[in-house]
*Asks:* 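Structure in structure tokens, see below.
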Amino acid sequence: MSSVPPYDPRAVEAKWQARWAGDHTNEPDLDRPRRPFYNLMMFPYPSAEGLHVGNMFAFTGADIYGRFKRLQGYDVFEPIGFDAFGIHSENYALQVGTNPARLIPKNIETFRRQLRRFGGMFDWRHELSTTDPRYYKWTQWIFLQLFKAGLAFRKKAAVNWCPKDMSVVANEQVINGYCERHPDTKVEQRFLEQWFFAITKYAARLLDNLDRVDWSESTRTLQRNWIGRSEGAELVFTTAGGANIAVFTTRPDTVFGATYLVLAPEHPLVDQLTAQEQRSAVNAYRREVQAKDIVSRKVGDKAKTGVFLGSYARNPATEEAIPIWVADYVLMEYGTGAIMAVPAHDRRDFEFATQFKLPIREVVHTGEPLPSVAEAGVLVHSGEFDGLSCPEAQRRIVGWLQAKGLGTPQVQYRLHDWCISRQRYWGPPIPIIHCDRCGPVGVPEEDLPVELPFIEDFRPDASGVSPLARHKEWYFVKCPQCGAQGRRETDVSDTFLDSAWYFLRYPSTEFDDRPWDPARTTTWLPVSTYIGGNEHAVLHLLYSRFVTMALEELGHLHFEEPFPKLRAHGLIIKDGAKMSKSRGNVVIPDAYIQKWGADTFRMYLMFLGPFQEGGDFRDEGITGIRRFLEKVWTLAHEAATPAPDAGPGLPEAVQRKLHQTIRKVTADTESLDYNTAIAAMMEYVNLVREQGGGSRDGVEPLLVMLAPYAPHVAEELWSALEHDRSVFQASWPSYDAGLAAAGDVEIVVQVNGKVRGRLTVSRGASEAEVVELALRDESVRKFVDGKPVRKTIYVQDRLLNFVV
RNA sequence: GCGACCGUGGCGGAACUGGUAGACGCGCAGGACUUAGGAUCCUGUGGGGCAACCCGUGGGGGUUCGAGUCCCUCCGGUCGCACCA
């Protein structure tokens, strides 16, 4: 055996990374691809700590898929970028006292270095950052398109306000009513005029299209639940004073049991319906509710609170006068902000009625104790509808009330309109100018981008207005419509808007005069495969779908679903817990890559467990992968200088195993089962070593299969076998199903379900043959032993079972 | 509280439509080579038993010739949601 050079991953990886960059290996011809394949992964937020193994796990899994597609003959476009606006960057900047505009470029530089080092197949020509004015110019442009189409509008909405931060905080930053950063400070509720996108107009389409996309079922279920469609009816309760109170209910069949009404504290009719003697109690209650932060109002303890308004409404079914209450368990954002309470058949209403001694009337008899919420029973105490089943009664009662003008069938969605306003500094300014005469006016497209000014005092102050409003030269501007003095909108937009369209920009990053080039877009979009974490299963994906859908409708795109195929990867866990800075268990990959090489580390991460489920990061097992690559290294060098006595062709066992391995690695890589694909390659390598070592025919297909997983070492060994061109110009090996299936099989012989013997027979042997052989077996005979065989079960090529 | 997913050797994990449980890897034990080995190679490795065999996929029950896989129930864990009328 000739001498094999040592495997030095650092040298090999540096060499091939330089070669790929120099040869433009990872840069497909975007204008004239033969078989375009857009391999997208969720772009990272460039944190100050750098890329961690969770990111790398996700990117490696996505990169393997892209490289696999490349080897199957596709022109793969695999871009990367940075989602760098947002509250995380801003809070970190506030903490260290440096403007985020200065911090982010450094963070991006670190990420870029780490991403190059791990060997992703990225097309760096098309890198983007959401903070780049060349990018957010078009984020603003999209806002304007939606604004012009009437899909962006303003309304008042509650926000969490931290008096210490002097700023708005997100729901996730409120911990039990206190600010995350100031645990002694209670968060308040404030009502501010905010910008919304009318995503609810698309609720039905967003829901229906889910049936037609190829996504993991778990992700689709999350989206369905989030959209939350429910069917029911809107019913009208009238008051003596002539007010109409509309309520939404999914159970119109229980309307005879509605013994009181509840309005949300913010309901516009509360003032009008409050009786004089109750006014101070009602006002006090409303103030109390407003003082609570949003989260504890929604999440908080389950004890019900509320106040009687002192007035009554008429139940449209019974015509009785029933009391009207205000309570915060009714939410203004859902339905009409008012409910008919049916305490006998709704847990929440039951709890409330019990507490405030309100009447409880059973109208659906199920035999269960109250409250009985099931729709399995017959109507009672419901006049002419007594005896009907619930579904039947729902139809009939809605029809009856509809005829009286007091009800209509209706579908409600849980989905809210998307609030895109952020009273913050670090985001793209919303491109609107407020004019006293013209109202909110869109910034003319030729004036985009509205640049975010670099300001030193980006800290919020007690005024409650955005830091941007303090910059007069930026803030005051002429109204584009009438030329009068106007003021810029000082809210910036939500980061979810930045990321709701980045995949549209990637193929067209070099064009500054259009957000995306029509020809490029037709060629490359929609995305071929999108791989990302399930933490974005709802918001990011839903917002991206909405933006795409709206842009399609406005004629800017030719498709309405951006991600026809989506796969969610699992999470990397460390010491049984999610990696997070607060737990202090974040692992940075750099030291591992330095020590073991990127190839070993990539494969190690994929070998931890199923990609779509995640795994527990411990570094003990990493040497196993390194040993495997060393073995491949040796085999390939043996193949490069074959022993003189090497015969032609592969030993039969190797040949068969090779075809079985190709079959398994192909199927497993396609389905993202990378851990078992790696195990299959290991088995093959073990067999080749047993059977005499490396040969060209045995090693070359292995190197191609290994290339997506360990691209650098695969390139190095491919070139050691005297190939001039990149291994990624090779094609994925095919297998011969006949060869893969050939050979003998071992059949298990059972007696009464217990394994008593094993037989080796040729594949496809007949039952009679196997039975005869089995009965000759010593240990099988011992258990059959003259007893009559009552039944024989034979499973071809697998098992024979005698029941005696 | 509701919903989804999951419990397999010392560890990470394999196991197609019910059909050889523990692939592959780590670790561990013994051996070889070596001045040395935390390098490499070989052998073994679920538990019990000298053996024939017996037991074994969170606990209990069921269906079946046969259950990690299907059904019921209990226990434990992870994730998601948060009064959605």
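Computed over heavy atoms, backbone and side chain alike; hydrogens, waters and symmetry mates excluded. Predicted, not measured: the structure shown is a model, and the values here were computed from it. Just so we're on the same page: letters track the sequence lines, and every chain starts at 1.
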*Asks:* Quick one: A/L222 CG to B/rG3 P, roughly how many Å, whole number?
*Replies:*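 Going from CG in A/L222 over to P in B/rG3 covers 15 Å.
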
*Asks:* OH of A/Y735: more than 12 outside heavy atoms within 6.0 angstrom?
*Replies:*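 Open: at most 12 neighbouring heavy atoms sit under 6.0 Å from OH of A/Y735.
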
*Asks:* Quick one: A/E333 CD to B/rA85 C1', roughly how many Å, whole number?
*Replies:*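 From A/E333 CD to B/rA85 C1': 13 Å.
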
*Asks:* Rounded to the nearest angstrom, tell me the gap between atom CE in A/M332 and atom P in B/rA85.
*Replies:*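 Atom-to-atom, A/M332 to B/rA85, this comes out as 16 Å.
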
*Asks:* Suppose you measure atom P in B/rC72 against the same atom in B/rC24; what distance do you get, rounded to whole Å?
*Replies:*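 The answer is 36 Å between these two P atoms.
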
*Asks:* Atom CD of A/Q394 to atom C1' of B/rA85: distance rounded to whole Å?
*Replies:*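 Rounded to the whole Å, the gap is 13 Å.
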
*Asks:* Quick one: A/F611 CZ to B/rA14 P, roughly how many Å, whole number?
*Replies:*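 So the two atoms are 14 Å apart, to the nearest Å.
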
*Asks:* Determine the interplanar angle of the A/F611 and A/H569 rings, folded into 0 to 90°, and report it as parallel if under 30°, tilted if 30 to 60°, perpendicular if over 60°.
*Replies:*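 Tilted, since the angle between the ring planes falls between 30° and 60°.
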
*Asks:* Can you give one letter per nucleotide of nucleotides 16-26 of chain B, going 5' to 3': B for a protein heavy atom under 4.0 Å from the base, S for sugar-phosphate only, - for none?
*Replies:* B--BBS-BBSS

*Asks:* Could you verify whether a donor N or O on one side chain and an acceptor N or O on the other, from A/H345 and A/S372, lie under 3.5 Å apart?
*Replies:*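 Short answer, yes.
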
*Asks:* When the P atoms of B/rG19 and B/rA29 are compared, how many Å lie between them, rounded to an integer?
*Replies:*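 One P to the other, the span is 37 Å.
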
*Asks:* Please work out if A/T336 contacts a base, only the sugar-phosphate, or nothing of the nucleic acid, heavy-atom cut-off 4.0 Å.
*Replies:*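 Nothing: the residue A/T336, judged by heavy atoms under 4.0 Å, touches no strand.
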
*Asks:* Step by step, work out the side-chain contact (heavy atoms from CB on, under 4.5 Å) result for A/N225 and A/V538.
*Replies:* CA-CA 9 Å; A/N225 293 344; A/V538 177; over 6 Å; no

*Asks:* I'd like the C1' distance from B/rU45 over to B/rC26, given in whole Å.
*Replies:*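 Pairwise C1' distance, B/rC26 against B/rU45, rounds to 13 Å.
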
*Asks:* Does A/R567 make a cation-pi contact with A/W215 (under 6.0 Å, within 45 degrees of the axis)?
*Replies:*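 Output no; distance or angle outside limits.
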
*Asks:* Please find out if less than 6.0 Å separates the ring center of A/W325 from that of A/F356.
*Replies:*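 Yes, they do, as the ring centres are separated by less than 6.0 Å.
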
*Asks:* According to salt bridge (charged side-chain N to carboxylate O under 4.0 Å, His left out), who are the partners of A/R627, at least two apart in sequence or on a separate chain?
*Replies:*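 Expected list: none.
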
*Asks:* For the residue pair A/L541 and A/T219, what are the closest heavy atoms and their distance?
*Replies:*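 The pair with the smallest heavy-atom distance is CD1-CG2, 4.0 Å.
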
*Asks:* Is the A/Y260 ring parallel, tilted or perpendicular to the A/F352 ring (thresholds 30°, 60°)?
*Replies:*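 Ring orientation of A/Y260 relative to A/F352: parallel.
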
*Asks:* Give the minimum heavy-atom separation between A/R414 and A/Y334, together with the two atoms involved.
*Replies:*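 Shortest heavy-atom separation between A/R414 and A/Y334 comes out as CA-CE1, 3.5 Å.
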
*Asks:* Got a sec, which residues hit side chain to side chain donor-acceptor pair (under 3.5 Å) with A/R10, two or more places apart in sequence or on another chain?
*Replies:*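 By the side chain to side chain donor-acceptor pair (under 3.5 Å) rule, A/R10 matches no residue at all.
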
*Asks:* Please write out the pairs of protein N or O atoms and N or O atoms of nucleotides 42-49 of chain B separated by less than 3.5 Å, giving the distance to one decimal.
*Replies:*
none

*Asks:* Using the ring of each side chain (for Trp, its six-membered ring), is A/H637 parallel, tilted or perpendicular to A/W633, with breaks at 30° and 60°?
*Replies:*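 A/H637 vs A/W633 ring planes: tilted.
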
*Asks:* Quantified in whole Å, what is the C1' atom distance between nucleotide B/rU57 and nucleotide B/rU8?
*Replies:*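 Those two atoms are separated by 4 Å.
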
*Asks:* Considering only the P atoms, how many Å lie between B/rU20 and B/rC42, rounded to the nearest integer?
*Replies:*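 Taking atom P in both B/rU20 and B/rC42, they lie 29 Å apart.
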
*Asks:* Could you pull out the protein-nucleic contacts involving nucleotides 28-33 of chain B (nitrogen or oxygen on both sides, under 3.5 Å)?
*Replies:*
none

*Asks:* For nucleotides B/rU78 and B/rG25, find the distance between their P atoms and express it as a whole number of Å.
*Replies:*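 After rounding to an integer number of Å, I get 31 Å for this pair.
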
*Asks:* What interatomic distance, in whole Å, is found between P of B/rU73 and the corresponding atom of B/rA4?
*Replies:*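 Between the two P atoms, the distance is 13 Å.
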
*Asks:* Mind calculating the distance between CG (A/L605) and P (B/rG13) to the nearest angstrom?
*Replies:*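 After rounding, the gap between these two atoms is 14 Å.
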
*Asks:* Within 45° of the ring axis of A/F802 and under 6.0 Å from its six-membered ring centre, is that where the NZ or CZ of A/K791 lies?
*Replies:*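 Output no; distance or angle outside limits.
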
*Asks:* Between A/Y592 and A/F617, is the gap from one ring center to the other below 6.0 Å?
*Replies:*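 That pair passes the under 6.0 Å test.
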
*Asks:* Would you kindly compare A/L571 and A/F783 by the position of their nearest RNA chain B nucleotide and give the one closer to the 5′ end?
*Replies:*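 Nearest-nucleotide comparison on RNA chain B picks A/F783.
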
*Asks:* Report yes if a side-chain nitrogen or oxygen of A/T221 is closer than 4.0 Å to either non-bridging phosphate oxygen (OP1 or OP2) of B/rG3; otherwise report no.
*Replies:*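 No, outside the criterion.
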
*Asks:* Does A/K304 count as lying over the ring of A/Y329, i.e. NZ or CZ under 6.0 Å from the six-ring centre, within 45 degrees of the axis?
*Replies:*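 Ring-cation test returns yes.
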
*Asks:* Both distances under 3.5 Å, Watson-Crick or G-U wobble: on that basis, could you give the dot-bracket string for RNA chain B, with [ ] for crossing pairs and | for other-strand partners?
*Replies:* (((((((..(((......[....)))((((((.......))))))(((....)))..(((((..]....))))))))))))....

*Asks:* From the options B/rA82, B/rG13, B/rC55, select the nucleotide whose nearest atom is closest to the side chain of A/R414.
*Replies:*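 Output: B/rA82.
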
*Asks:* Rounded to the nearest Å, what distance is computed from the CD atom of residue A/E613 to the C1' atom of nucleotide B/rA4?
*Replies:*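 To the nearest whole Å, that distance equals 13 Å.
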
*Asks:* If you check the A/D328 side chain, which of B/rA85, B/rA82, B/rC83 turns out closest?
*Replies:*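 Closest nucleotide among those given: B/rC83.
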
*Asks:* Would B/rG46 be called syn or anti here, given the cut-off of 90° from 0?
*Replies:*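 The base of B/rG46 is oriented anti (glycosidic angle more than 90° from 0).
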
*Asks:* I'd like the P distance from B/rU63 over to B/rC16, given in whole Å.
*Replies:*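 Going atom to atom, P in each nucleotide, I get 25 Å.
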
*Asks:* If only side-chain N and O atoms of A/R756 are considered, is one of them under 4.0 Å from the OP1 or OP2 phosphate oxygen of B/rC54?
*Replies:*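 For B/rC54, OP1 or OP2 has a side-chain N or O of A/R756 closer than 4.0 Å.
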
*Asks:* May I have the distance from A/D619 (atom CG) to B/rG38 (atom C1'), rounded to whole angstrom?
*Replies:*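 The distance from CG of A/D619 to C1' of B/rG38 comes to 15 Å, rounded to the nearest Å.
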
*Asks:* Is it true that atom CZ of A/R347 has more than 12 heavy atoms of other residues, nucleotides or ligands lying nearer than 6.0 Å?
*Replies:*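 Atom CZ in A/R347 is not crowded, with 12 or fewer foreign heavy atoms closer than 6.0 Å.
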
